[in-house]
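Since the structure comes first, as structure tokens, the remarks are kept for the end.
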There are 2 protein chains.
Amino acid sequence: MVARVPKFSRIQPEMRREELVDATLRCLAQHGHAGVSVRKIAAAAGVSIGLINHYYPSVDQLISHAYEKLSGGIAAHLMEVSAGGATPRESLSLFIRESFGPGIFDPPMLGVWVVFWSMVRHSADMQAVQQRTYAQYRQVLERYLGDLAGDSGLPPVNIQAAATALNALLDGLWLTWCLNPKDFSVEEGIAMCEGWVDAFAAGAFAARLNIPGR
Amino acid sequence: MVARVPKFSRIQPEMRREELVDATLRCLAQHGHAGVSVRKIAAAAGVSIGLINHYYPSVDQLISHAYEKLSGGIAAHLMEVSAGGATPRESLSLFIRESFGPGIFDPPMLGVWVVFWSMVRHSADMQAVQQRTYAQYRQVLERYLGDLAGDSGLPPVNIQAAATALNALLDGLWLTWCLNPKDFSVEEGIAMCEGWVDAFAAGAFAARLNIPGR
DNA sequence: ATGCTTATTGAACATTCGTGCAAGAGCGCT
DNA sequence: AGCGCTCTTGCACGAATGTTCAATAAGCAT
């Protein structure tokens, strides 16, 4: 008497998509650009090669969905955490500290983003995801920085430019650190960002980031 | 009477290497990751497929040399330009403005760097180039920032951390702008960096970037 | 139980890739 | 003028790629 053992299991399409996207992210983190491979992703997800094209017309669309999930997930997480701050200044500190947390500050993650960035220029889908998620990020920072400037009674400042700069500082530190984690410690990175916010709150950028903007 | 027209010309090995490296950079700028291809590079250089492996044992070494040339060239250029400043503060302004200049602030360049970064984690050669050129960049900034802090009579500050932060701000703005040049103008980017240097010169970061460092 | 829907499989296809290698030819040297 | 070094060529090879598609079988409904 032999027990029936199914060769595979059918699961709900949405769950399967989720699994495929997760496998994609794992693949990119491990293999970098070489992870953009139907066969590698299929192996990582434990499914057959053909299943991927059943759910995604092309591998590019799978990557695009993975981009959306990762980027959206991080943005949502940062928003949720920073919302716990009692003041704008405190929210910014939470946002900064969480940006340096595990799952974000992680060298293999560079391999993932590098793939995404390399596709932005040639894919309209990727470009759309990039612009949408970046705007989301920046708006959060704009709100906190705007409130902080209001609380501090600062002269009018180009908040959008300030948010762009803080975001760039975060991104640049992340990039530098992922390329060589020995360059500086996470705590030092946080201190650099906190210093920037302190300077902002003290009105140090008012002279350069005056309002006209665009 | 038929004029002799050579099928190809022999040139000095060094010049040929130069041509191959230039073709590589052009390829990466145009095709991104797809430009990492012996055939595409050979076509861009106007030579046969086999010639590349004659000069470089593997395509990875060609990319590595291209990385070294591009990175070293930019570093040398920035050093040369910024050396023209009469004061450390002026040198920093020149460094910043030149960092936003053409040839650096250029969206296709993102495709080049993205390829380099994707290889740093898996190639010891690329890692070595990365660390060497990054240290070179930062040392220049450290010198100017150190002199500026001395001139301003600031309390002791972790200059290395400050240079890391300014470099990260530059990199982050570059990345953001290359992904979407409409986000902000070059002049705004320069203003953000100048504002950071102003704040540094005013001692705004002294409290966070205190000396112990590491 | 039986049938139906369709999620899932895996082989097949045409491309493209990097590298190896023997043949060819440019160009300096005698 | 012709020898010879080696730069240069381009075909050949195996491996890996994305996509297609007919066949299979899981799991729900009847």
Side-chain angles (χ1 to χ4, degrees), chain A residues 2-24 27-28 30-67 111 115 118-119 122-123 125-126, chain B residues 2-24 27-28 30-66 115 118-119 122-123 125-126:
Chain A
V2 181
R4 280 262 296 115
V5 43
K7 289 185 178 180
F8 58 88
S9 67
R10 297 170 76 134
I11 65 177
Q12 295 179 2
E14 279 185 39
M15 282 190 151
R16 181 65 77 188
R17 281 178 201 270
E18 190 96 359
E19 282 189 10
L20 293 180
V21 164
D22 287 344
T24 301
C27 251
L28 295 184
Q30 184 175 2
H31 303 105
H33 223 96
V36 187
S37 157
V38 175
R39 293 163 209 280
K40 285 198 182 71
I41 295 171
V47 300
S48 70
I49 312 162
L51 191 60
I52 286 174
N53 282 103
H54 177 70
Y55 283 102
Y56 295 95
S58 84
V59 69
D60 284 3
Q61 305 222 13
L62 172 55
I63 305 287
S64 175
H65 276 172
Y67 185 16
V115 169
S118 72
M119 296 175 69
H122 298 86
S123 158
D125 284 344
M126 296 294 281
Chain B
V2 181
R4 280 263 293 115
V5 43
K7 289 186 177 179
F8 60 87
S9 66
R10 297 171 73 137
I11 66 177
Q12 296 178 0
E14 279 184 40
M15 281 190 150
R16 182 63 79 187
R17 281 177 200 270
E18 190 95 2
E19 282 189 10
L20 293 180
V21 163
D22 287 345
T24 301
C27 249
L28 295 185
Q30 185 175 359
H31 303 106
H33 228 98
V36 187
S37 156
V38 175
R39 294 169 184 2
K40 285 199 180 72
I41 294 172
V47 300
S48 70
I49 312 163
L51 191 60
I52 286 174
N53 281 102
H54 177 71
Y55 282 102
Y56 295 94
S58 81
V59 70
D60 283 4
Q61 305 222 14
L62 171 55
I63 305 286
S64 176
H65 277 172
V115 169
S118 73
M119 295 174 69
H122 298 86
S123 158
D125 285 344
M126 295 295 281

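Letters go in sequence order (proteins before strands), and every chain restarts at 1. Bear in mind that the values here come from a model prediction, so they are computed numbers and not experimental data.
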Length of the line joining [X]:[atom1] and [N]:[atom2], which is rounded to integer Å:
X: A:Ile52; N: C:dG10; atom1: CD1; atom2: P; value: 14 Å
X: A:Glu19; N: C:dA7; atom1: CD; atom2: C1'; value: 13 Å
X: A:Glu14; N: C:dA7; atom1: CD; atom2: C1'; value: 15 Å
X: B:Asn53; N: C:dT19; atom1: CG; atom2: P; value: 5 Å
X: A:Ile49; N: D:dT24; atom1: CD1; atom2: P; value: 18 Å
X: A:Gln12; N: C:dT5; atom1: CD; atom2: C1'; value: 16 Å
X: B:Gln61; N: C:dG18; atom1: CD; atom2: P; value: 15 Å
X: A:Leu62; N: D:dG18; atom1: CG; atom2: C1'; value: 13 Å

Collect all protein-nucleotide pairs involving nucleotides 2-6 of chain D in which both atoms are nitrogen or oxygen and the distance is under 3.5 Å.
residue: D:dT6; atom: O2; partner: B:Arg10; partner atom: NH1; Å: 2.9
residue: D:dT6; atom: O2; partner: B:Arg10; partner atom: NH2; Å: 2.8

Between A:Val115 and A:Gly111 the two heavy atoms that sit nearest each other are CG2-O, 3.3 Å

Closest contact, heavy atoms only, A:Met126 versus A:Ser123: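 Distance-wise, the nearest heavy atoms are N-OG, 3.1 Å.
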
By side chain to side chain donor-acceptor pair (under 3.5 Å) - contacts of [X] (at least two apart):
X: A:Glu19; result: A:Arg16
X: B:Gln30; result: none
X: A:Glu18; result: A:Lys69

A:Ala34 or B:Ser9, whichever maps to the more 5' nucleotide of DNA chain D: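 It is B:Ser9, whose closest nucleotide lies nearer the 5' terminus.
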
Please determine whether a side-chain nitrogen or oxygen atom of B:Tyr56 lies at a distance below 4.0 Å from atom OP1 or OP2 of C:dG18. no

Which nucleotide sits closest to the side chain of A:Ser37: D:dT20, D:dT17, C:dT19?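 For the A:Ser37 side chain, the nearest candidate turns out to be D:dT17.
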
Closest to the B:Leu51 side chain: C:dC17, D:dT8, C:dT19? D:dT8

Which part of the nucleic acid, if any, lies within reach of B:Ile11 when heavy atoms closer than 4.0 Å are counted: base, sugar-phosphate only, or nothing?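 Sugar-phosphate contact only - B:Ile11 comes under 4.0 Å of backbone atoms but never of a base.
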
Reckon A:Val38 touches a base, only the sugar-phosphate, or nothing at all at heavy-atom distances under 4.0 Å? base

Cut-off 3.5 Å, no hydrogens considered: what does the side-chain donor-acceptor table look like for residues 32-60 of chain A, sequence neighbours left out?
residue: A:His33; atom: ND1; partner: B:His33; partner atom: ND1; Å: 2.9
residue: A:Ser37; atom: OG; partner: A:Arg39; partner atom: N; Å: 3.3
residue: A:Ser37; atom: OG; partner: A:Lys40; partner atom: N; Å: 3.2
residue: A:Lys40; atom: NZ; partner: A:Ala34; partner atom: O; Å: 3.4
residue: A:Asn53; atom: ND2; partner: A:Pro57; partner atom: O; Å: 3.4
residue: A:Ser58; atom: OG; partner: A:Asp60; partner atom: N; Å: 3.3

How far does SG of B:Cys27 sit from CD1 of B:Ile63, to the nearest 0.5 angstrom?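 That separation rounds to 9.0 Å.
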
Just to be sure I understand the geometry, which residues of residues 39-48 of chain A put a non-hydrogen atom under 4.0 Å away from DNA chain D?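 By residue number: A:Arg39, A:Lys40.
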
